[in-house]
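These notes are about the structure you will find just below.
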Amino acid sequence: EARERGKKRVAEILAEDDMLTAEAFADLLGVSRVTVNSRRQTGQLLGLDGAKRGFRFPAWQLDDDGRPFAALSTLQETLGGSAWAVYRFLVTPQGGLNGLTGLEALRRGRADDVIAAAEGVAHGDFR
């Protein structure tokens, strides 16, 4: 039952308007789909799987200049290489960021604080 709820929630997240296909995300970045998938594999882009139709890329992972947040690859490494762990970290209020989500803190230019908070989460320190 819990597994089915999880699958349903994944499907809901991946169906959100800001979840783009590799093709749409490549168009947004002005690069090829191959480049998007390569950057996903190296952790430079956040690509979420679970959809039968391939990976989905949150449009919100881009900064004000339209570039992926530089901290994404460090977050991937810190949080065990799991795109879903990074996603959860970025959209959930974090105690180490005074209740901001990781995404809100990145948008405020606080990448170092975001990485420190992720390290805390990775080591079980949820302050």
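You'll find the side chain of P68 reaches within 4.5 Å of the side chain of L29, heavy atoms only. Two residues are said to be in side-chain contact when any heavy atoms from C-beta on lie closer than 4.5 Å; M19 and I13 meet this criterion. Looking at Q76 and L46, their side chains come closer than 4.5 Å, going by heavy atoms from C-beta outward. Taking the side chain as every heavy atom from C-beta outward, W84 and V10 approach each other to under 4.5 Å. Using a 4.5 Å heavy-atom threshold, the side chains of V91 and W60 count as touching. You'll find the side chain of F89 reaches within 4.5 Å of the side chain of V114, heavy atoms only. For the pair F57 and D18, the minimum side-chain heavy-atom distance is 4.5 Å or more. T74 has its side chain within reach of I115: a pair of non-hydrogen atoms, C-beta onward, lies under 4.5 Å apart.
The heavy-atom pair separating P93 from T101 by the smallest distance is N-CG2, 3.7 Å.
We find that E4 and K8 are not joined by a salt bridge, their nearest charged nitrogen and carboxylate oxygen being 4.0 Å or further apart.
In this structure, CZ in R56 is found 7.0 Å from CG in L14, a value given to the nearest 0.5 Å. Taking CG of L90 as the start and CZ of F69 as the end, the distance is 8.5 Å to the nearest 0.5 Å. Between E12 atom CD and R5 atom CZ the span is 12.0 Å, to the nearest 0.5 Å.
With hydrogens and angles disregarded, a donor-acceptor distance shorter than 3.5 Å links the side chain of T92 to the backbone of R88. In this structure, the side chain of Q44 does not engage the main chain of S73 through any donor-acceptor pair within 3.5 Å. Put simply, the side chain of Q94 never gets that close to the backbone of A117: no donor and acceptor are under 3.5 Å apart.
A side-chain donor from one of S32 and T35 sits under 3.5 Å from a side-chain acceptor of the other.
Residues in residues 95-110 take part in these salt bridge (charged side-chain N to carboxylate O under 4.0 Å, His left out) pairs, two or more places apart or across chains: R110-D113. For residues 33-43, the set of pairs meeting the salt bridge (charged side-chain N to carboxylate O under 4.0 Å, His left out) definition, not counting sequence neighbours, comprises E23-R33.
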Discussion item. Using the rule given for side chain to side chain contact (heavy atoms under 4.5 Å, CB included), can you reason through Y87 versus L75, listing the C-alpha separation, both sets of side-chain angles and the distance that settles it, and then say yes or no?
Written reply: CA-CA 10 Å; Y87 171 85; L75 290 173; over 6 Å; no

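Qualifying salt bridge (charged side-chain N to carboxylate O under 4.0 Å, His left out) partners for D65, counting only residues two or more places apart in sequence or in other chains: R67.
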